[in-house]
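See structure below.
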Amino acid sequence: MCGGGGGEEDPPDQMDEFFAGGGQASHVLHVLDTNQEKNKANDVAAVFNTVEAVVTRVVRGKDRLGDRCGEVAMELVKRVNSDYGKEIVLLLSGTNTAYQAKSVLRMLTAMVTLGPTQAREVLMKVNWEHDNWDTLSKRSSKKDPPDVRTCFIHFLLSFLFEPSPLVLKDFFSMKTRLASLFPGLMQDQAETVMLVLETLRSKVLENPAVSKTQKMKVFGSHNIKPLLALLKWTGPKKSEGTEGDDEEKEAVQESVTAFLKVLLGSTKHGVVFPDPAAGQGEKNLNHLAKEVLLSQAKPWESVSLSSVMVELVTACPDQLPVLLGVLGENWEPRDSPSWHLVMDLILTVMEQQDSKSIGAGMKAEISVGKVVENVILPHKLVEKVVSVGLEMESMVSTKCLELLEMLVTNLEQFLASLSGPLLISAKAAVKNVLKHVQLASLWGSLTGYMTKGQTEQVMSILRVTNFVVGRLDVACDLDVGQVLKEVELNKERLGDKLKEVQLSALKLFSSITNSSASLQTSSSFLAKLCTEDTLLMLLENIADCEGQEKVSSTEILSGLVKSSGVCLETGLDLGLMVALVDRENCALMATVLLEAIDGKKEMVEKVLALKFQEVCLRNQNQLSHSELFEALMSPDFTPSMVASFLPSSSSEEMFSPLILSMVGNHSKNTAFIESFFRRLVFLFQDVDIFSKQLQSLVEKFSSEFQMFLTSVLSPSSSSLPTPSPSTSSWFLSLSILVQMLHFPSTSPADMT
């Protein structure tokens, strides 16, 4: 009988005649059933071939052939496995011909494909313990393909194609010798290798019905080695090469790499485990991963192997120290191809590191300091590679600087996930490691990089320094003024990156200002920072940009202005000004800020005078300055004599150099300045006191504004409401809310 045909358009053949004539399982097995003597191997093989043909025809044409044909096939499965189990294993012997062994394997494969019940029947009835199974994976031959090994592969994979959890459970509990296929894959055809790997990936690794324990049983340490070796797949031995060899090798390599990335790079699907302690606990949870890493002598020499190692360490950051140990003998900084390959591997590993998740997994019982020194900011890597390489020639120092910036980026994410004692411990560990980096020397190289127009390196140094100063609160004596000058001098060389460099530099300088008490009072230092160009650039960024650039510019401007001491301690005046920034008024605001900073001394004296005036208003004091002086000089002086001149403990700050500078620049943009004060009035707790004092400063303001102040002091239903903001701001919203409370008849709908 033949196993072909069976399609709807195929002409009738012997198999159709068999079923049409009422063929039964007993008819197929008649020769074996009735033979009184020992069945000859070839006779058994012929019958098994017939069984395969019948079952295969039923599998191929189930819907068309009907139930009776299916019953015949199922009966054959039962009969053969029950009555001829001995013959099955005997024909698999290495002394039997390939034809005989293949007849068994192909028949069993057909039986498995009939359905889950038949697949389990084969699993339960076949004698898996027999030694004859051991040689099948080694029986390769170029004659009469497919060879025995290929048929054995197809047989074992047929169980995995069946999605039934019960079949898979039984399969992995038997001594199926699935792993025995792995060593021979090196010489298998490309399509066979890819079939095996794709099946193992999709049907075993990514199958939720297969447990981690079952996967570990199949892919143990000994079994993984031949799979890793497939990255250098050679294929069948040939007398001479063919044109398709390179394409096949590339296809196999891609398939092997994809498989290994799941096997070793997925804690969900693979044979590696998540470790919340990042390897700093009492137990190593990934012995297999460690063995794999230690077995690789020079992983950087293979792009594919490197990518697998990256996936492994990304999934198991606890194994990073192991990988670095493997690389340690070859990471001494030098300008050589092998060193750059090692560094590229380290850079990729650190780039893929999920530091945020590692930080989120930290608990009180975990030594967060060890996690920092071994995983996030590896102590040996910084000491032996980064710190040494930064002092060397450009190619080496540039790569080490790139790595340092990458480590800092990871640190920022890691620290952002911590709080309390964990954060304190982590910062201490970071400082301990970074002491090996000569920040002053790194800072000194900044000018050279700017002169050469190497903007990436300039940005890297600024980011690293920003982190050390701003995040770690490390005091640094850096010549910030000189760098500002260098940025200005190298505008053209910095090109499109100019604004980004300026922002990063200003952010650093703002951090230095905020972290150093001595610098906060240094007018010369602030004068270097608070130039009209700098202030204008920041204001334009706030007006024009969105996202992080807008946020950064706002933070930097606020830091500089507050450090200059020209705004209210509450920051209400500065916050309102920033909220009102738009492209048209940027230049005016820059002028206002610069004049407030330059004229701070005189304006502070005026603020003090206004404070005296405020106290008098609050206490309804009618006494003059001369009368206050006389009371202080009186020989009968008592505190009660000047009580009316003393501010209350709840008194708020109402004026600043910034506010006075706004008043002084009224003529340059009347509408905007008056709009600012219309809103500022309602940001103070005592609206009336501020309005009364403001009246003495705004004689040159418009009559409409004068009427506005009058209406504030005498609220009525006819009072003019302040226009609603076009942009969302806490300061604008607060101003409107207070206005509504001040003018009870005003509703949000009126504020248009």
*Judged by modelled atom types alone, do Lys225 and Ser295 share a side-chain donor-acceptor pair under 3.5 Å?*
no
*Side-chain donor or acceptor of Ser266 paired with backbone N/O of Ala315 under 3.5 Å*: no
*Between Glu198 and Arg201, does a salt bridge (Lys or Arg N to Asp or Glu O under 4.0 Å) hold up when you go through it step by step?*
CA-CA 5 Å; Glu198 175 59 25; Arg201 182 188 63 78; 2.6 Å; yes
_Can you confirm whether Lys175 is buried at NZ, in the sense that more than 12 heavy atoms of other residues, nucleotides or ligands lie under 6.0 Å from that atom?_
yes
*Do Met111 and Val51 have side chains that get closer than 4.5 Å, going by heavy atoms?*
yes
_Using a 3.5 Å distance criterion without hydrogens, assess whether the side chain of Lys261 forms a donor-acceptor pair with backbone atoms of Met309._
no
*Please check if any side-chain donor atom of Asp318 sits under 3.5 Å from a side-chain acceptor atom of Asn286, or the reverse.*
yes
*Beyond-backbone contact of Leu90 with Gln100, side-chain heavy atoms, under 4.5 angstrom*: no
_Contact check, side chains of Asp131 and Val89, non-hydrogen atoms, under 4.5 Å_ = no
*Write down the atom of Cys151, the atom of Thr109, and the distance for their closest heavy-atom approach.*
O-OG1, 4.4 Å
*side-chain contact (heavy atoms from CB on, under 4.5 Å) partner of Pro378, the single match among Val385, Val372, Leu407*: Leu407
*Would you mind reporting whether Thr314 and Gln353 have side-chain heavy atoms less than 4.5 Å apart?*
no
*asked:* Quick one, Leu260 and Leu312 - any side-chain contact, counting heavy atoms below 4.5 Å?
replied: no
*Out of curiosity, Met174 CE to Asn127 CG, how far, rounded to the nearest 0.5 Å?*
10.5 Å
_side chain to side chain contact (heavy atoms under 4.5 Å, CB included) assessment of Val210 paired with Asn207_ = CA-CA 6 Å; Val210 182; Asn207 189 341; 3.9 Å; yes
*Strictly by modelled atom types, are Ser221 and Glu291 linked by a side-chain donor-acceptor pair under 3.5 Å?*
yes
*Could you give me the CA-CA distance, side-chain angles and deciding distance for Val322 and Val313, then say whether side chain to side chain contact (heavy atoms under 4.5 Å, CB included) is met?*
CA-CA 9 Å; Val322 180; Val313 178; over 6 Å; no
*CD1/Ile88 to CG/Asn132 distance, rounded to the nearest 0.5 angstrom?*
12.5 Å
*Side-chain heavy-atom pair Met362, Ser417 within 4.5 angstrom cut-off*: no
*Crowded around Glu329 CD? As in, over 12 foreign heavy atoms under 6.0 Å?*
no
*About how many Å separate CE of Met350 and CG of Leu377, when rounded to the nearest 0.5 Å?*
8.0 Å
_Keeping Asn96 on the side-chain end and Leu92 on the backbone end, is there a donor-acceptor pair under 3.5 Å?_
no
_Least distance between heavy atoms, Val72 atom then Gly23 atom_ = CG2-O, 3.5 Å
*Quick one: CG on Leu381 to CG on Asn374, what's the gap to the nearest 0.5 Å?*
11.5 Å
_Restricting to non-hydrogen atoms, name the atom on Pro236 and the atom on Gln189 that form the minimum distance, rounded to 0.1 Å._
CG-NE2, 3.5 Å
*Would a distance-only check, ignoring hydrogens and angles, find a side-chain to backbone donor-acceptor pair under 3.5 Å from Trp331 to Trp339?*
no
*Would Lys78 and Asp83 count as a salt bridge (Lys or Arg N to Asp or Glu O under 4.0 Å) if you check the C-alpha gap in whole Å, the side-chain angles of each, and the deciding distance to 0.1 Å?*
CA-CA 8 Å; Lys78 289 182 180 179; Asp83 300 343; over 6 Å; no
*Is a side-chain donor or acceptor of Gln319 paired with a backbone partner of Gly279 at a separation under 3.5 angstrom?*
no
*Identify the heavy atoms of Val193 and Leu185 that sit nearest to each other, and give their distance.*
CG2-O, 3.3 Å
*Given Val256 and Leu197, is the side chain to side chain contact (heavy atoms under 4.5 Å, CB included) satisfied, shown in steps?*
CA-CA 7 Å; Val256 175; Leu197 295 178; 3.4 Å; yes
_SB check Lys102 Asp144 (cutoff 4.0 Å)_ = yes
*For the side chain of Lys212 and the backbone of Val272, is there at least one donor-acceptor N/O pair under 3.5 Å apart?*
yes
*asked:* Within the supplied structure, the quantity of interest is the number of heavy atoms (other residues, nucleotides, ligands) at a distance under 6.0 Å from Lys290 NZ; does it exceed 12?
replied: no
*Is it true that a side-chain atom of Gln280 and a backbone atom of Ala277 form a donor plus acceptor pair closer than 3.5 Å?*
no
*asked:* Give me the atom names and distance for the closest heavy-atom approach of Gln214 to Ala209.
replied: OE1-O, 4.0 Å
_Straight-line distance of Glu250 CD to Ser304 OG, nearest 0.5 Å_ = 9.5 Å
*Check Leu168, Thr176, Val122 against Phe159 for a side-chain contact (heavy atoms from CB on, under 4.5 Å) and give me the one that passes.*
Val122
*Please work out whether the ring planes of Trp133 and Phe155 are parallel, tilted or perpendicular, with thresholds of 30° and 60°.*
parallel
_Non-hydrogen side-chain atoms of Leu160 and Phe172 separated by less than 4.5 Å_ = yes
_No-hydrogen, no-angle side-chain donor-acceptor test under 3.5 Å, Ser93 and Thr95_ = yes
*asked:* Determine whether Met216 and Thr213 satisfy the following criterion, side chain to side chain contact (heavy atoms under 4.5 Å, CB included), listing intermediate values before the conclusion.
replied: CA-CA 5 Å; Met216 294 295 292; Thr213 302; 5.7 Å; no
*Is NZ or CZ of Lys356 both nearer than 6.0 Å to the six-membered ring centre of Phe414 and within 45° of the ring axis?*
no
*Assess the side chains of Gln24 and Ser26: does a donor N or O sit below 3.5 Å from an acceptor N or O?*
no
*Please report the shortest heavy-atom distance between Ile366 and Gly361, naming the atom on each side.*
CD1-O, 3.8 Å
_According to ring pair (Phe, Tyr, Trp, His ring centres under 6.0 Å), who are the partners of Phe259, at least two apart in sequence or on a separate chain?_
Phe219
*N/O donor-acceptor pair under 3.5 Å between Ser173 side chain and Asp170 backbone*: yes
*Strictly by modelled atom types, are Asn39 and Asn35 linked by a side-chain donor-acceptor pair under 3.5 Å?*
yes
_Under a 3.5 Å distance rule, please check whether Ser180 uses its side chain to pair with a backbone N or O of Arg177 as donor and acceptor._
yes
_Whether the Gln413 and Asp354 side chains hold a donor-acceptor pair (N or O, under 3.5 Å, no angle test) is what I'd like checked._
no
*Tell me, which pairs form a side chain to side chain donor-acceptor pair (under 3.5 Å) where one or both residues lie in residues 147-159, sequence neighbours left out?*
Asp147-Thr150, Arg149-Asp188
_If you define the side chain from C-beta out and look only at heavy atoms, does anything of Thr267 sit under 4.5 Å from Phe273?_
no
*Output the distance between atom CG (Leu341) and atom OG (Ser306), rounded to the nearest 0.5 Å.*
7.5 Å
